Amino acid sequence: MIFSTLEHILTHISFSIVSIVITIHLITLLGNEIIKPYDSSEKGMIATFLCLTGLLITRWINSGHFPLSDLYESLIFLSWSFSLIHIVPYFKIRKNYLTTITTSSTIFTQGFATSGLLTEIHKPTILVPALQSEWLIMHVSMMILSYAALLCGSLLSVALLVITFRNIFYSYKSNNLLQLNHSFSFGEIQYKNERNNIKTSFFSAKNYYKAQLIQQLDYWSYRVISLGFIFLTIGILSGAVWANEAWGSYWSWDPKETWAFITWIVFAIYLHTRTNKNLQGANSAIVATLGFLIIWICYFGINLLGIGLHSYGSFTLTSS
């Protein structure tokens with residue numbers, strides 16, 4: 001009873017803190033010179049990480065097994081993974097491009113885990129025989145960590161695509177405006193040219209900033225996805241060994257296994273295109289964006305359908 005109450009308190013505290021953090025981030029978007037709210041949000045994410053760590057430990061003690069046996073526990077661990085990815089670069093370089101993504105991802109997964117949709121599996125239960133193995137910690141933790149890293153890296157690639165295509169749109173629009181200038185008189189054209197010269201330095205500096213931002217997004221996306229790809233590879237290999245012990249076969253083309261393999265292939269293609277100088281930038285980002293959708297099918301879609309040998313973490317929607 002005490003552990004259940006403590007788990008309930010830690011769940012709501014962590015969700016409340018991360019809600020405040022995302023509000024602070026929205027405020028800082030309105031003024032880039034506000035420094036103190038940024039530092040407060042970073043401290044808030046550290047507090048969220050500590051609360052989620054305490055929540056996982058409490059549930060571990062209360063249930064008697066590592067809390068990765070169902071969708072609710074995996075969502076809490078996914079939230080913990082997002083907050084971990086957030087604070088590691090924070091201690092290294094103080095300010096990073098993962099801040100908004102990790103914070104938003106944490107509040108999304110934490111909010112869904114604490115919603116009424118998963119009420120039936122909030123209470124810890126006894127593990128089914130197939131999950132009573134030491135491979136549970138190794139396999140599932142590596143897979144969830146890989147999902148967190150790959151999702152963050154993919155969202156950085158999505159941001160890269162948005163900025164890139166936005167620049168293309170505005171450059172196309174400005175070219176059309178230049179063509180319209182030929183229809184004005186010489187005096188009007190001279191006035192517009194003088195006015196455009198004043199704006200040239202401003203836009204060149206702005207374009208330089210955007211170019212640097214795109215380069216940084218591409219750099220961090222590649223690093224985070226590479227880390228997630230390593231976790232995913234370890235998770236699939238450990239899962240194959242566990243499957244051989246539990247079912248007598250390393251691979252059975254179960255829906256979860258199939259989509260995990262598809263996810264691995266997609267991000268292997270991303271890493272290949274990213275190392276090719278002719279395909280870097282938007283081309284590799286498109287592959288990562290596709291991978292973002294594949295991950296959600298692999299992680300959430302299979303659980304929603306509740307099919308295959310990996311249906312232990314499925315859930316039933318509660319009816320009102």
Side-chain angles (χ1 to χ4, degrees), residues 71 74-75 78-79 81-82 85-86 96-109 112 140 142-169 210-211 213-237 239-240 251 253-305 307-308 310 313:
L71 183 60
S74 68
L75 282 170
L78 183 63
S79 299
S81 302
F82 283 133
I85 293 172
H86 178 97
N96 60 85
Y97 295 95
L98 290 171
T99 302
T100 305
I101 289 175
T102 52
T103 305
S104 303
S105 300
T106 302
I107 193 173
F108 173 76
T109 52
F112 183 76
V140 184
M142 286 295 101
M143 293 301 294
I144 299 299
L145 283 171
S146 71
Y147 292 158
L150 293 174
L151 286 171
C152 288
S154 298
L155 286 174
L156 288 172
S157 294
V158 172
L160 186 152
L161 284 178
V162 171
I163 296 174
T164 301
F165 287 117
R166 187 178 179 184
N167 288 343
I168 294 173
F169 172 77
K210 288 183 178 180
L213 178 59
I214 290 174
Q215 185 178 0
Q216 288 295 317
L217 288 173
D218 185 47
Y219 171 76
W220 278 102
S221 176
Y222 174 65
R223 291 189 68 179
V224 177
I225 287 178
S226 298
L227 179 64
F229 186 78
I230 294 173
F231 287 147
L232 181 63
T233 304
I234 297 174
I236 291 175
L237 292 177
W251 198 267
W253 294 106
D254 177 74
K256 195 84 168 182
E257 295 175 354
T258 304
W259 280 102
F261 180 68
I262 293 173
T263 304
W264 190 90
I265 291 294
V266 169
F267 284 102
I269 294 173
Y270 165 82
L271 294 175
H272 174 72
T273 56
R274 179 58 178 73
T275 54
N276 190 333
K277 293 183 178 180
N278 296 327
L279 297 176
Q280 288 181 1
N283 293 311
S284 58
I286 292 174
V287 179
T289 303
L290 174 63
F292 176 80
L293 301 176
I294 299 297
I295 292 172
W296 281 114
I297 296 174
C298 178
Y299 171 63
F300 188 73
I302 304 301
N303 291 90
L304 184 63
L305 295 175
I307 58 176
H310 291 77

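Source: prediction; values computed, not measured. For this chain, numbers begin at 1 and follow the sequence in order.
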- Any donor-acceptor N/O pair, S105 side chain to T102 backbone, under 3.5 Å: no

- Supply the atom-to-atom distance L151 CG to I225 CD1, rounded to the nearest 0.5 angstrom. 10.0 Å

- Message: Could you measure the distance from the OG1 atom of T289 to the CG atom of L161? Nearest 0.5 Å is fine.
- Response: 4.5 Å

- Task: Quick one: closest heavy-atom pair of F292 and F267, and the distance?
- Result: N-CZ, 4.3 Å

- Hey, is the main chain of I101 close enough, under 3.5 Å, to the side chain of S104 for a donor-acceptor pair? no

- Message: Quick one, Y147 with W296, criterion ring-ring contact (aromatic ring centres under 6.0 Å, His included). Give me CA distance, side-chain angles, the key distance, then yes/no.
- Response: CA-CA 9 Å; Y147 292 158; W296 281 114; 8.7 Å; no

- Which value, rounded to the nearest 0.5 Å, describes the distance between D218 atom CG and L156 atom CG? 10.0 Å

- Where do A288 and S157 come nearest, in terms of heavy atoms and distance? CB-OG, 3.4 Å

- Under the side-chain contact (heavy atoms from CB on, under 4.5 Å) criterion, do W251 and I236 qualify, and how do the steps go? CA-CA 10 Å; W251 198 267; I236 291 175; 3.9 Å; yes

- Kindly give the heavy-atom pair with the smallest separation between V266 and V287, and that separation in Å. O-CG1, 3.4 Å

- Query: Backbone N or O of L71 within a donor-acceptor pair of the S74 side chain at under 3.5 Å?
  - Reply: yes

- Message: Quick one: does any side-chain atom of S221 pair with a main-chain N or O of G153 as donor and acceptor, under 3.5 Å?
- Response: yes

